[in-house]
Amino acid sequence: MTVVRSILLFLLAALAEIGGAWLVWQGWRENRGLLWIAAGVIALGAYGFVATFQPDANFGRILAAYGGVFVAGSLAWGMVVDKFRPDRYDLVGAAICLVGVAVIMYAPRTS
């Protein structure tokens, strides 16, 4: 159950961080205004709190693993929201990152 909780927290963190960054991007680059930017800043702040709920107590490990989730999540966000079409190298790179996440977070450790 700990692994499932961790994965769900990673997905929630990705939604908050990628969504927040996208809102800031939309507010600034697409001239949608300060409310979009403010919503993005709030979402980015929420991301910071979500990460603290991970079962592992090592900040560096959590953030390193989340980096891989962010890579894959950013491509997925782009596909769904912006109709971005990743090429095979994008997909292979994201898969490599997710393998790295699994090794960092879920490999058996003795201490």
Side-chain angles (χ1 to χ4, degrees):
M1 195 56 148
T2 302
V3 172
V4 172
R5 177 179 178 224
S6 175
I7 291 169
L8 291 174
L9 286 168
F10 275 135
L11 293 174
L12 183 59
L15 182 64
E17 187 181 18
I18 298 164
W22 183 83
L23 286 166
V24 171
W25 179 283
Q26 293 296 307
W28 186 257
R29 299 266 318 241
E30 303 299 327
N31 298 312
R32 294 201 172 166
L34 289 177
L35 286 178
W36 284 68
I37 294 170
V41 168
I42 290 167
L44 287 165
Y47 151 74
F49 283 104
V50 170
T52 68
F53 292 105
Q54 281 289 349
D56 192 298
N58 297 292
F59 174 79
R61 181 177 293 147
I62 298 301
L63 218 55
Y66 175 69
V69 173
F70 179 81
V71 169
S74 296
L75 290 174
W77 181 280
M79 290 169 61
V80 171
V81 176
D82 292 327
K83 306 302 181 230
F84 170 70
R85 302 217 2 117
D87 63 25
R88 65 180 169 203
Y89 300 109
D90 294 324
L91 299 175
V92 169
I96 291 168
C97 288
L98 292 176
V99 168
V101 170
V103 170
I104 292 169
M105 287 299 297
Y106 311 120
R109 289 187 166 81
T110 55
S111 59

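Just so we're clear, the structure is a prediction, and the values are computed from it rather than from any experiment.
- At least one side-chain heavy atom of Asp90 sits less than 4.5 Å from a side-chain heavy atom of Phe84.
- Looking at heavy atoms from C-beta onward, Phe70 lies out of side-chain contact with Phe10 at the 4.5 angstrom threshold.
- At least one side-chain heavy atom of Tyr106 sits less than 4.5 Å from a side-chain heavy atom of Ile7.
- Note: Asn58 CG to Leu63 CG = 12.0 Å, rounded to the nearest 0.5 Å.
- Atom-to-atom distance recorded for Ile37:CD1 and Leu44:CG is 11.5 Å, nearest 0.5 angstrom.
- Under a hydrophobic-cluster definition in which Ile, Leu, Val, Met, Phe, Trp and Tyr are linked whenever side-chain heavy atoms come within less than 4.5 Å, directly or via other members, Val101 and Trp77 are assigned to the same cluster.
- In this structure, Thr52 OG1 and Ile62 CD1 are separated by 10.0 Å, a value rounded to the nearest 0.5 Å.
- Hydrophobic clustering (side-chain heavy atoms under 4.5 Å, transitive across Ile, Leu, Val, Met, Phe, Trp, Tyr) keeps Trp28 apart from Leu23.
- Under a hydrophobic clustering in which Ile, Leu, Val, Met, Phe, Trp and Tyr are joined whenever their side-chain heavy atoms come within less than 4.5 Å, directly or via other members, Ile18 and Val81 fall into the same cluster.
- Both Val80 and Val69 belong to a single network of hydrophobic side chains, linked directly or stepwise wherever heavy atoms of I, L, V, M, F, W or Y lie under 4.5 Å apart.
- A heavy-atom distance below 4.5 Å is not found between the side chains of Arg29 and Val24.
- A centroid separation of less than 6.0 Å is found between the aromatic rings of Tyr66 and Tyr47.
- For Trp36, the CH2 atom counts as densely surrounded, since its 6.0 Å shell holds more than 12 non-hydrogen atoms of other residues, nucleotides or ligands.
- A single hydrophobic cluster is not seen to contain both Leu35 and Ile42; linkage of ILVMFWY side chains at heavy-atom distances under 4.5 Å, directly or through other members, places them apart.
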Could you walk me through whether Leu12 and Phe53 pass the side-chain contact (heavy atoms from CB on, under 4.5 Å) check?
CA-CA 11 Å; Leu12 183 59; Phe53 292 105; over 6 Å; no
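- With respect to Arg5, the side chain to side chain contact (heavy atoms under 4.5 Å, CB included) criterion is satisfied by exactly one of Val3, Leu9, Thr2, Leu8: Leu9.
- Between the CZ atom in Arg85 and the CG atom in Leu75 there is a gap of 13.0 Å [rounded to 0.5 Å].
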